[in-house]
Structures are given as C-alpha cells and as structure tokens.
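One structure below.
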Number of protein chains: 2
Amino acid sequence: MLPGIGVFGTGAVAKVLVPFLREKGFPVEAIWGVTLPEAENTAKELKIPFFTNKIDDVLLKKNVSLVFIVCAPNLHAQISVKALGIGKHVVCDKPAGLCQAEALKMVRAAQYYPTLISIINHSLRFLPAFSHMRKSILEGYLGNPGELTLIDVRVQMGSLLGDTYNWLCDDTMGGGTLTLVGSHVIDLVSYLSGQKVVKVHGVLRTFVEETPKINGIRKVTAPDFCTFQLQMDKGLLVTATLNNHLPGLCFNQEIYVYSKKGYLVVRGGDLHGKLHKTISKNVDEGKRQDKEEVIYVDIEDLSCASSVIPKPYIKGLCKMISALKEAFLPVKEQMDWVKEPVRAAATFEDGQRVQATMEALRQSNEDGRWISVQLLTETPDPNPALSAAVRRTAISLQ
Amino acid sequence: MLPGIGVFGTGAVAKVLVPFLREKGFPVEAIWGVTLPEAENTAKELKIPFFTNKIDDVLLKKNVSLVFIVCAPNLHAQISVKALGIGKHVVCDKPAGLCQAEALKMVRAAQYYPTLISIINHSLRFLPAFSHMRKSILEGYLGNPGELTLIDVRVQMGSLLGDTYNWLCDDTMGGGTLTLVGSHVIDLVSYLSGQKVVKVHGVLRTFVEETPKINGIRKVTAPDFCTFQLQMDKGLLVTATLNNHLPGLCFNQEIYVYSKKGYLVVRGGDLHGKLHKTISKNVDEGKRQDKEEVIYVDIEDLSCASSVIPKPYIKGLCKMISALKEAFLPVKEQMDWVKEPVRAAATFEDGQRVQATMEALRQSNEDGRWISVQLLTETPDPNPALSAAVRRTAISLQ
C-alpha cells in the first residue's frame, strides 16, 4: 500500500514532483509553504487537499506517512529530524542541511529510526545512464573497478537564479552551483567509483552579482562557477567544471570515467564507451575506424517535463519515485517497506559526506590550497566557553 | 625574395613542415638530425639536398637564412641563441627551452638581434578560428574586452607517446601534456585576452607509466593529464583540462570565452557565439529558440595532413608559414622582412612567460597550493658559492 505524501516547499521541484507522485499512485495529502498564500496557491494549482505554513501541521497528519522536503536548505535538517522523530519516512532534497553539523543531526536521527526511510534526493543515481555506467564499471568494462584513473565532469547550464532575490542568491543559505549542482557530482562520483573523497581543491566564483531582475542593494553571493579536483581514497582523481553562464535554458552535462583500458561517458541521458584496441597490423587504419560503442540510449520520453530543472535531474527523480513505489507496494502495512528497490539511494550518511566535501572545497577556495575532508563525528559545541565554565564548576564541586 | 630554410629535427613536425614550406615557395636547403642515419633518411624521404648531425653545419650554410627548430626541447635554446648570433632568422617550436633560465637566454639573444625574426611556434594564434575569436573580443562582441570573466578549455586526445622510449616520455626533457599542449593553451589565453598570468594552480598526473611498446625499466614520467587554473591580471579566470587518454587518434578541443554578455566558443576549427537576450515577453519561448550564432566555419581543406599531429595545430602552422611568406615577399634583399604579416606570432618573451607559468604550475602541483608566476629577469647563478668566493676575494684585494 502506498503511503500518503506531505510535500514541503512550493518551488519548481514541488511542481514537478507532485504530478509524478500522483502518476505512480501516491496520494498527495498535504503541502507546506513558507507563507500561507504561497501554500494556498500551490495547493490550488496542484489540487492538494491540505495546505499550511506550519511544519507540524503536515508532520502530525495521520494520512501523511512519507514527506518530501524540497524547500530552502535552511529547513532541511530541522524538518528531516522532526519528521523521523514523529515516525515519518523522509526524502530530503540536497543538500543535507546547511552545514556538516546539520547533516550530522540528520544522520543521528536516521540511525535512531532505522526502520524509516531516509533518503537524500541525489536523483542522478537513478538516471538509467548512470545505473548502467556503474554496472559496466562493476562488471569490468574498464578493467578492475579499483583501477579507475580519472573522472572528468563538465556541466554547463544557464543561471540558477529566479526573478526575485531569495535563498538561491545567497551562498550561506544553500544557493549556488557548488551546493545545487556540485553536490550531485560529488555524490555521483562516489556512487560510481565506490571510493571516498580524501582531499580536495576548489575554486568558486560569483561572476554575475546582479541580473536585470535582481539588482537591489543585496548582491548575489552564491557561486555561479566552480571548478574542483577530488582525490579519492583508492587513487582515483576527479576533476569537475560547473558553469552557470550559458544564455537561456541550455544544459550540457558530460561525465567521463577513464581507466588505462578506455573510457565510459554519459552525455545527457546516454551512455557510450570506448576501449583501447590491441595493436593491429594497420594501426592508423584501425584506430581511425573506431567509433564509440553505444551502451545505453535513453529514448523514453518524460511524461512530465520542467522548463527550469534539467532533464537528467527530472528523469532521475521520476525513476527514484518508481523505485519508492516498488519499495512500498509488496507490503500490506502502510508504514512498511522493503529496502531492495531503493538500495541505490543516497543515505543521510552520503549526504553528510557530500557536506564534508563541500566544506573542504569552500575552505580550499579561501586558502588557495588542497584541504583534507574531515568527517564530523561529534556535534560541535555551540558555546565552548560555557562548556569550559561548566567543567570548571564541576571540578571545583568535587 | 624567400629565404633558404634549415630544419632542425626529423620527427613528425619536420615531416609536415617541409612540404608546407615548399608549397609556399621556400627552398628547403638543409636538415639536421640527432644521428647521421636519421638525418640521411629524412633528407632522402623529403628530398632535401643537405643533411648533417652537426648543428653548425646547418647554421653556417650561406643559403640558409631561416631555421625551423623542431627537434627535442633540450636543444631549443642552444640552437636558437647560436642561430641568432650567426645572423639567421629563427622559428622555434614550443617550449622555449627546458626551463625559464633557457628561455631567458633566448629572450636576450632576440633582444640583441632585433632585426632578425624570432618566433615561438604557438601555431594556434594563426588558426583562423582564433584570429576571428580575438577580433570578435576586441570588437566588443562580449562587451568591454577588459571584462571577460572566464575561459574554459578542454582538450581530449590520444597518447603523445611514440613506439619507442624518447624525450616525449620524459618530464624533464620537455615531454608531456603540460609542455606540449598546455603551453599552447597558456599562450593562447594571453593572446586572446591580452591579459597576463598572475598566479596558478595545477594538478599533473602520469596515469599511464608504460605502454605495450614502452615497457622497459624506464617508466614514463611525462604527465598525460593536467588540469589547471590561471588567475589573469585583469580579473579573468582560466580553467583548463588536458587529457591524453582517448583511445586512438581522436582529438577534441573546445575553448569557451565568457563574459557577462554571453560566450564565444572555438570547437575544432569553427567559431560560434551566443549572447544573453534582453528580456522578452515570452521568455521561455524566446530562450528555447535561441541557437548559437555561426561566426566562422572552417571549410578550407588542408593540402598536407598528418596522421599524428592534430588538425588545428597543423593548420595553424600552415597559416603561420603563409604569414612568413608575406613577411619576406615584399622585400628584395634575402635577409630583409616586414613585421606586419607576422605581428600575431608569439615572441621569445611570450615563450618565457609560458615557461614561467609552466614552472609555477609544476610547483603548484608539488606544493598543493596556488603559486605566483615569477618572471626571471636575471640569469640564475649556476654556482653561487663560487661567485660569493670571488666577491670576497675582490673585497679583500681592495
């Protein structure tokens, strides 16, 4: 039986998400917006029976068993933790909170309620081209999967900014290409390679600080360009260039995975590969005739499209919702599910790793040097001076 | 009147160069090779009347007025300096010597003989697509030419290594993708933008240390992968990824130049551009219909092709030789020339700047941090201890 859905957020993702959920048979029961008019308008537009601007109103609804958190990142951790505490399954959009400390809270909550679903929406994992790429790597298309040499990522797209000043313009609120596109890339390379990021180098820039529509006293601080290198734990190097300077709604995404044997590449939704040939008699002739091997071509059309969100992300999200359906359908109880169909999904731990990597990248951009990725295991003390005083008092009382 | 040519080197470049020179009417008088058999074989193959393995034998020939130095980089500085001293025009392949100290010697020699031609073979400057790109930038296609934001370069190609172990395998001898491809990119971005490199970050890797044909005790040390960022002096950022891991003889080169107004891109030999539109009533409709503007399409076929050297480099070289012809033709005296047709060529100073940038990039790769580019102005003291002793003696004798 499919669980009732509560949606947090009224933006572009929510508007794509709700029709998808309905198409797969999920009843969408409630929507939350920052303001009541926003919630009301979106509820009307999407024909959702309940709307509110109070978080608890959604979480406490009996017919809501699974929440999709697709609002601004500053609320991701708060809503996720609260939802799990109330016993609701959670799918949270990237990033996992605003910083690693928030991500750690989410991880702790997920560990505390292991029977509940807790997924970060890194939807590219579910894009068929990447599933096939991972399968090809594991099956040895490029030789020993542990001997990948290089992943080269290029994403070129238009501006991420909307028509008004909001969190998308603000670096500290989770806006910008590192958080919104880079987080997907960081997660994806770990997913594809099975390797973890050890240290990083990054350059972040905000080239466009105002637009024809956003030109008040507040400048855009969210980066619109980012290039980074990741050193992975088994020797793989990742290099990525993410760019929001294409005019219009263009979107080009290419991800090359290399080994000494050849490469695999996902362009858009298609997977190709090419291997070095063993030496033939007529080398030049042989080399020239080689074409890329077609491994997977995405011919399936999307039933729901978005004019704003790039196709691979939409399609990945759509596939993830199908997987969620398969996780719930075999089970009769409303809250029960099986893990297998959503095994590929990014966990909150994955989300924390991505956060740790992004924090190291921001530090690297500040310091102009390579930075080791530090995974937080203890909640940072919000007031070290107070804690020290408490300890001193405790000692003096002994 | 066109000058007689002496060619230093018997490799792939020499074999493309000589037919080009003849086609343009330059008499090729002499060829030098590391060994006499190599020189003899190439002389026979290319029908050159004189061959030798002694540098002076070419330089002292009366009918040689212009030398092309296309041998291994360890001899570039030595031959260039000697040739200018004997009064011969010089076109020297990149890099300008093995290090900045060598490049500085070349610069000093070029400054000492200003009536002689001294050019570094950064042939991409002469590729029509890049000439047109520079012209478009200067004419304000992207707005104020001083307000470029980003140049994004990607070069993907096959291995640079041959069938036997030689200097191409050796980092210290001038082999590898930074020296052979990166030097072109570094020169080109300065040429296109008119800006100088201030500081750099780079990552160099040699992923393939042996090949089916090069698998002795000596490993390949020349980098086959390189990603770097250059901070230019008027705010432009450059990011480049150079990769020698494509199987076969593939070659993809894309150079995007961005400003806040849009971008220009050279793919292969073609130039396209796209600008942000002013806001129209039906934004989505308007944005979607936009296509890249075609600014220059390279339809001209090469009379001479190479199976090894990528087409843009060959074509650039061919155009540079045409420019050289125009520099000599209007003048009656064999040694006289006019500057205008070769004004775009890279000077030895440009070559030194590229060397300084590459040295900073190697240092950055070692140190894992951004490094400032230091332009050498004094020849480094080969024996500081001896110099100090001489100074002490001089003082004690006073």
Side-chain angles (χ1 to χ4, degrees), chain A residues 149-150 152-154 156 158-159 163 199 201 203 205 207-213 224-229 231 235 237 239-241 243 245-250 254 256 258-263 274-279 283-284 286-292 307-308 364 367-371, chain B residues 149-150 152-154 156 158-159 163 199 201 203 205 207-213 224-229 231 235 237 239-241 243 245-250 254 256 258-263 274-279 283-284 286-292 307-308 364 367-371:
Chain A
T149 52
L150 178 74
D152 183 359
V153 179
R154 186 161 72 169
Q156 299 174 299
S159 173
D163 289 349
K199 53 179 195 169
H201 174 266
V203 177
R205 290 295 169 90
F207 287 117
V208 178
E209 294 185 327
E210 56 179 45
T211 72
K213 288 186 174 172
D224 53 26
F225 169 79
C226 166
T227 179
F228 59 78
Q229 290 79 47
Q231 180 58 63
L237 183 76
T239 186
T241 303
N243 185 326
H245 298 122
L246 292 195
L249 295 167
C250 308
E254 278 193 338
Y256 280 84
Y258 295 92
S259 78
K260 289 177 187 173
K261 295 218 187 305
Y263 67 85
K274 194 169 178 187
L275 294 173
H276 292 271
K277 289 284 173 231
T278 46
I279 302 152
V283 178
D284 278 19
K287 281 179 177 173
R288 272 165 194 287
Q289 285 173 357
D290 280 353
K291 288 207 173 143
E292 282 182 352
S307 62
V308 185
S364 169
D367 295 1
R369 62 188 176 89
W370 283 76
I371 299 284
Chain B
T149 52
L150 178 73
D152 184 359
V153 178
R154 186 161 73 167
Q156 298 174 300
S159 172
D163 288 349
K199 53 180 194 168
H201 175 266
V203 177
R205 290 295 170 90
F207 287 118
V208 178
E209 294 184 328
E210 55 179 45
T211 71
K213 289 186 174 171
D224 53 24
F225 169 79
C226 166
T227 179
F228 60 77
Q229 290 79 47
Q231 180 59 62
L237 183 75
T239 187
T241 303
N243 186 327
H245 298 120
L246 293 195
L249 295 166
C250 308
E254 278 192 338
Y256 281 84
Y258 294 92
S259 78
K260 290 178 186 172
K261 296 219 187 306
Y263 67 86
K274 194 170 177 186
L275 294 174
H276 293 272
K277 288 286 174 230
T278 46
I279 302 153
V283 178
D284 278 20
K287 280 180 179 174
R288 272 165 195 289
Q289 284 173 356
D290 280 352
K291 287 208 174 142
E292 281 183 351
S307 62
V308 185
S364 169
D367 295 1
R369 62 188 177 90
W370 283 76
I371 299 285

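Sequence lines set the chain letters: A, B, ... in the order given, protein chains first and strands last, and positions in each chain run from 1.
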Worksheet item: Any idea how A/His201 and B/Trp370 line up, ring-wise: parallel (<30°), tilted (30 to 60°), or perpendicular (>60°)?
Response: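 Rings of A/His201 and B/Trp370: tilted, as their planes differ by 30° to 60°.
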
### Task
Could you check A/Asp152 against B/Arg154 for side-chain contact (heavy atoms from CB on, under 4.5 Å), going step by step and ending with a plain yes or no?
CA-CA 10 Å; A/Asp152 183 359; B/Arg154 186 161 73 167; 4.0 Å; yes

Output for pair (B/His245 NE2, A/Leu150 CG), nearest 0.5 Å, gives 7.0 Å

Between the NZ atom in A/Lys260 and the CG atom in B/Asp224, the distance rounded to the nearest 0.5 Å is 9.0 Å

* Under 4.5 Å, counting heavy-atom pairs only, tell me which of A/Val203, A/Asn243, A/Leu246, A/Leu275 racks up the most with chain B. =>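 Highest number of heavy-atom pairs under 4.5 Å: A/Asn243.
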
Quick check on [X] against chain B: is it the side chain, the backbone, both or neither that has a heavy atom closer than 4.5 Å?
{"X": "A/Gln231", "value": "side chain"}
{"X": "A/Glu292", "value": "neither"}
{"X": "A/Thr149", "value": "both"}
{"X": "A/Phe207", "value": "both"}
{"X": "A/Asp367", "value": "neither"}

Exercise. Work out which heavy atom in B/Gly262 is nearest to a heavy atom in A/Pro247; give both atom names and the distance.
Key: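 Taking every non-hydrogen atom into account, CA-CG, 4.4 Å.
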
* To do: Assess whether side-chain contact (heavy atoms from CB on, under 4.5 Å) is satisfied between B/Tyr263 and A/Gln156, documenting all intermediate values.
  => CA-CA 12 Å; B/Tyr263 67 86; A/Gln156 299 174 299; over 6 Å; no

Please walk me through it: do B/Lys274 and A/Cys250 pass side-chain contact (heavy atoms from CB on, under 4.5 Å)?
-> CA-CA 11 Å; B/Lys274 194 170 177 186; A/Cys250 308; 3.1 Å; yes

The interface call for B/Glu254 against chain A, heavy-atom contacts under 4.5 Å, is side chain

